Enquirer: 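Have a look at this one before I ask anything.
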Amino acid sequence: MDVIYKDGRAILREAAEFEPAHIFDNGQCFRFIRQADGAYHGVAHGRFLCVEKNGADVSLSPCSRDEFEGIWNGYFDLGRDYAKLFAGCGDRALLEGRKYGQGLRVLNQEPFETLISFIISANNNLGRIRGIVDRICKACGEPFEYAGRTYHAFPTPGRLATLDVDGFAGCGCGYRSPYLRETARQVADGFDLEALRSLPYGEAKKQLMRLKGVGPKVADCVLLFSLGKADAFPADVWIKRVMKNLYGFEGNDRQVYAFAKKKFGKNAGIAQQYLFYYARENKLV
DNA sequence: TATCAGGACCAGT
DNA sequence: ACTGGTCCTGAT
């Protein structure tokens, strides 16, 4: 990946495998919002970032060399060569999905933010999840200024644990409020999310599911989107429909995972993201 | 002990 | 009336 630094920006040259819309509007991330001019504005790692595509180049700003190498390179999973992914897999649906979804990348987000966001995602839709997460950040996330505007970092576990159930409910969390309060408190009290990185997939998933509001689907999302487990395969109602329609496979979460692991290998979770595109293009969902 | 099915559940569109 | 699931309960 060719990167140049200029005027406080990092510019990725000829970034065919980086398409902001496919990255930010696919449901993995809730804090980057499309602006009227097509750029995406968001907050991660306690800082503001503007992401926009200019022709074949991608611009990240503000972004110094240190910020790129220390934060965004990892956040956007730029160490992985997506062009080579599944190239020889021979699976028609997946290759079609790759084509339609080119430029999609699986982010490496912050584990606590991902955990809380996906507890909120249960029985919910993208627009509403964004609203709830935004209100939570405004309620107790650290404020900071950028270009004359105020933004909020995602709350630390300690800060989020100061919200009571009514506080969560006031942000629109509904019946999830007690789950969120309990989970925030558990993490604030020492539940070590980072430690899960070094555990094998199955063990890490079991640990996550001890937290309130975390079932198999939410656990897989946290593992895939924030803990580097590319084989985690979130089995939601949509992907189950895809599995049935494309592969004639039906089963419970565990069976879907086993099938996906066998079929798509160690990057099954990334394959899952592309399969959505195939399904969408073919009006299967 | 493990697995499974069924109902309840906020709130915005 | 619908929603990118989870919790709880009771049954096998």
Side-chain angles (χ1 to χ4, degrees), chain A residues 21-33 97 101 104 106-107 109 113-136 138-139 163-187 191 202-203 205-226 229 232-246 249-260 268-281 283-285:
Chain A
H22 292 168
I23 293 171
F24 294 124
D25 290 333
N26 76 345
Q28 66 175 319
C29 171
F30 307 105
R31 294 206 74 199
F32 278 83
I33 309 294
L104 182 158
V106 172
L107 297 173
Q109 302 180 69
E113 173 175 344
T114 309
L115 171 65
I116 295 300
S117 298
F118 279 92
I119 291 175
I120 294 166
S121 79
N123 218 337
N124 218 335
N125 60 57
L126 188 52
R128 257 187 68 206
I129 299 165
R130 282 180 171 149
I132 294 170
V133 172
D134 189 54
R135 288 190 285 276
I136 285 179
K138 287 193 169 87
L163 277 189
D164 57 15
V165 172
D166 287 341
F168 282 105
C171 294
C173 299
Y175 70 95
R176 310 166 193 84
S177 298
Y179 307 159
L180 291 163
R181 164 144 178 74
E182 180 64 25
T183 289
R185 173 168 286 186
Q186 282 184 263
V187 177
F191 185 102
E203 184 57 33
K205 183 168 180 175
K206 198 192 300 180
Q207 294 298 321
L208 275 175
M209 288 173 63
R210 290 170 46 216
L211 297 167
K212 282 284 184 206
V214 181
K217 193 272 182 180
V218 170
D220 272 334
C221 287
V222 176
L223 291 167
L224 177 61
F225 300 135
S226 74
K229 306 293 186 195
F233 194 85
D236 54 39
V237 292
W238 300 102
I239 204 65
K240 284 177 179 169
R241 255 170 244 177
V242 169
M243 298 303 265
K244 181 181 174 190
N245 291 338
L246 296 185
F249 182 86
E250 289 186 80
N252 62 28
D253 299 291
R254 184 174 310 185
Q255 292 165 326
V256 168
Y257 173 76
F259 179 82
I270 302 175
Q272 193 256 36
Q273 300 286 297
Y274 286 118
L275 287 173
F276 272 117
Y277 282 90
Y278 181 88
R280 189 192 296 173
E281 292 298 324
K283 312 242 186 292
L284 291 177
V285 292

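Everything numeric here is computed off the predicted structure, so don't read it as measured data. A note on names: the letters A, B, ... follow the listed sequences, proteins ahead of strands, and every chain is numbered from 1. We use all heavy atoms of the structure for the numbers below, so side chains are in, but hydrogens, waters and symmetry mates are not.
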Enquirer: Could you give the CH2-to-P distance, from W238(A) to dT3(C), as a whole number of Å?
Expert: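 Taking CH2 of W238(A) and P of dT3(C), I get 7 Å after rounding.
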Enquirer: By the rule that syn is within 90° of 0, classify the base conformation of dG4(C) as syn or anti.
Expert: syn
Enquirer: Could you state the atom-to-atom distance from NZ of K205(A) to P of dG5(C) in whole Å?
Expert: 14 Å
Enquirer: Rounded to whole Å, please give me the gap between CG in D253(A) and P in dC7(C).
Expert: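 It is 12 Å, rounded to the nearest whole Å.
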Enquirer: Considering all heavy atoms of both residues, which atom of T114(A) and which atom of V222(A) are nearest to each other, and what is their separation?
Expert: CG2-CA, 4.0 Å
Enquirer: Sequence neighbours excluded, which residues qualify as salt bridge (charged side-chain N to carboxylate O under 4.0 Å, His left out) partners of D134(A)?
Expert: K138(A)
Enquirer: Where do L115(A) and V187(A) come nearest, in terms of heavy atoms and distance?
Expert: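 That closest heavy-atom pairing would be CD2-CG2, 4.0 Å.
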Enquirer: Closest approach to the side chain of R254(A), judged atom by atom: which nucleotide of dG12(B), dT3(B), dC4(B) is it?
Expert: dT3(B)
Enquirer: Can a salt bridge be assigned to the pair K205(A) and D220(A) using a cut-off of 4.0 Å between side-chain N and carboxylate O?
Expert: yes
Enquirer: Using atom CG of L223(A) as one end and atom C1' of dG4(C) as the other, report the distance to the nearest whole Å.
Expert: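 So the two atoms are 16 Å apart, to the nearest Å.
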Enquirer: May I ask you to list the residues of residues 206-219 of chain A, by number, that have any heavy atom positioned under 4.0 Å from an atom of DNA chain B?
Expert: none
Enquirer: Got a sec? Which of residues 114-126 of chain A come in under 4.0 Å of DNA chain C, heavy atoms?
Expert: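 Output list: A122(A), N123(A), N124(A).
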Enquirer: So P234(A) and I239(A), do their side chains get closer than 4.5 Å, heavy atoms only?
Expert: no
Enquirer: Report yes if the side chains of F24(A) and L107(A) come closer than 4.5 Å at any heavy-atom pair, otherwise no.
Expert: yes
Enquirer: Verify the contact: side-chain N or O of R241(A) to OP1 or OP2 of dG4(C), cut-off strictly under 4.0 Å; return yes or no.
Expert: no
Enquirer: Run the ring-ring contact (aromatic ring centres under 6.0 Å, His included) check on F233(A) and F259(A) step by step: do they pass?
Expert: CA-CA 10 Å; F233(A) 194 85; F259(A) 179 82; 8.7 Å; no
Enquirer: Fill in the dot-bracket string of DNA chain B, one character per base: . for unpaired, | for a pair to another strand, ( ) or [ ] for pairs within the strand, taking Watson-Crick or G-U pairs under 3.5 Å.
Expert: .||||||||.|||
Enquirer: Any base atoms under 4.0 Å from R130(A), or only sugar-phosphate, or nothing? Heavy atoms, all strands.
Expert: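 Nothing: the residue R130(A), judged by heavy atoms under 4.0 Å, touches no strand.
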Enquirer: With rounding to whole Å, what would you report as the distance between dC10(B) and dT9(C) at their P atoms?
Expert: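 Here dC10(B) and dT9(C) have their P atoms 16 Å from each other.
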Enquirer: Testing the basics here: between Q109(A) and Q28(A), what is the closest heavy-atom pair and its distance to 0.1 Å?
Expert: NE2-O, 2.6 Å
Enquirer: Counting only N and O atoms by type, is there a donor-acceptor contact under 3.5 Å from the side chain of Q255(A) to the main-chain atoms of N252(A)?
Expert: yes
Enquirer: Expressed as a whole number of angstroms, how long is the span from F24(A):CZ to dG4(C):P?
Expert: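 These atoms are roughly 22 Å apart.
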Enquirer: In whole angstroms, how far is the P atom of dT13(B) from the CD1 atom of I129(A)?
Expert: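 Checked: the CD1 to P distance equals 13 Å.
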Enquirer: Taking side chain as C-beta onward, heavy atoms only, is R181(A) less than 4.5 Å from L163(A)?
Expert: no
Enquirer: Kindly indicate whether the side chain of L126(A), heavy atoms from C-beta on, has any atom under 4.5 Å from the side chain of F30(A).
Expert: yes
Enquirer: Let's see if you get this right: which residues in residues 170-187 of chain A place a heavy atom under 4.0 Å from DNA chain C?
Expert: Y175(A), Y179(A)
Enquirer: For residues 167-176 of chain A, which side-chain N or O atoms pair as donor and acceptor with protein atoms under 3.5 Å away, sequence neighbours left out?
Expert:
| unit_1 | atom_1 | unit_2 | atom_2 | d |
| --- | --- | --- | --- | --- |
| R176(A) | NE | I120(A) | O | 3.2 |
| R176(A) | NE | A122(A) | O | 3.0 |
| R176(A) | NH1 | C173(A) | O | 3.0 |
| R176(A) | NH2 | A122(A) | O | 2.8 |
| R176(A) | NH2 | N123(A) | O | 3.3 |

Enquirer: Can you confirm whether P178(A) sits close enough to K212(A) that some side-chain heavy atom of one is under 4.5 Å from a side-chain heavy atom of the other?
Expert: no
Enquirer: Any side-chain heavy-atom pair from R241(A) and W238(A) closer than 4.5 angstrom?
Expert: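 Side chain of R241(A) against side chain of W238(A), heavy atoms only: contact under 4.5 Å found.
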Enquirer: Quick one: F233(A) CZ to dG4(C) P, roughly how many Å, whole number?
Expert: 17 Å
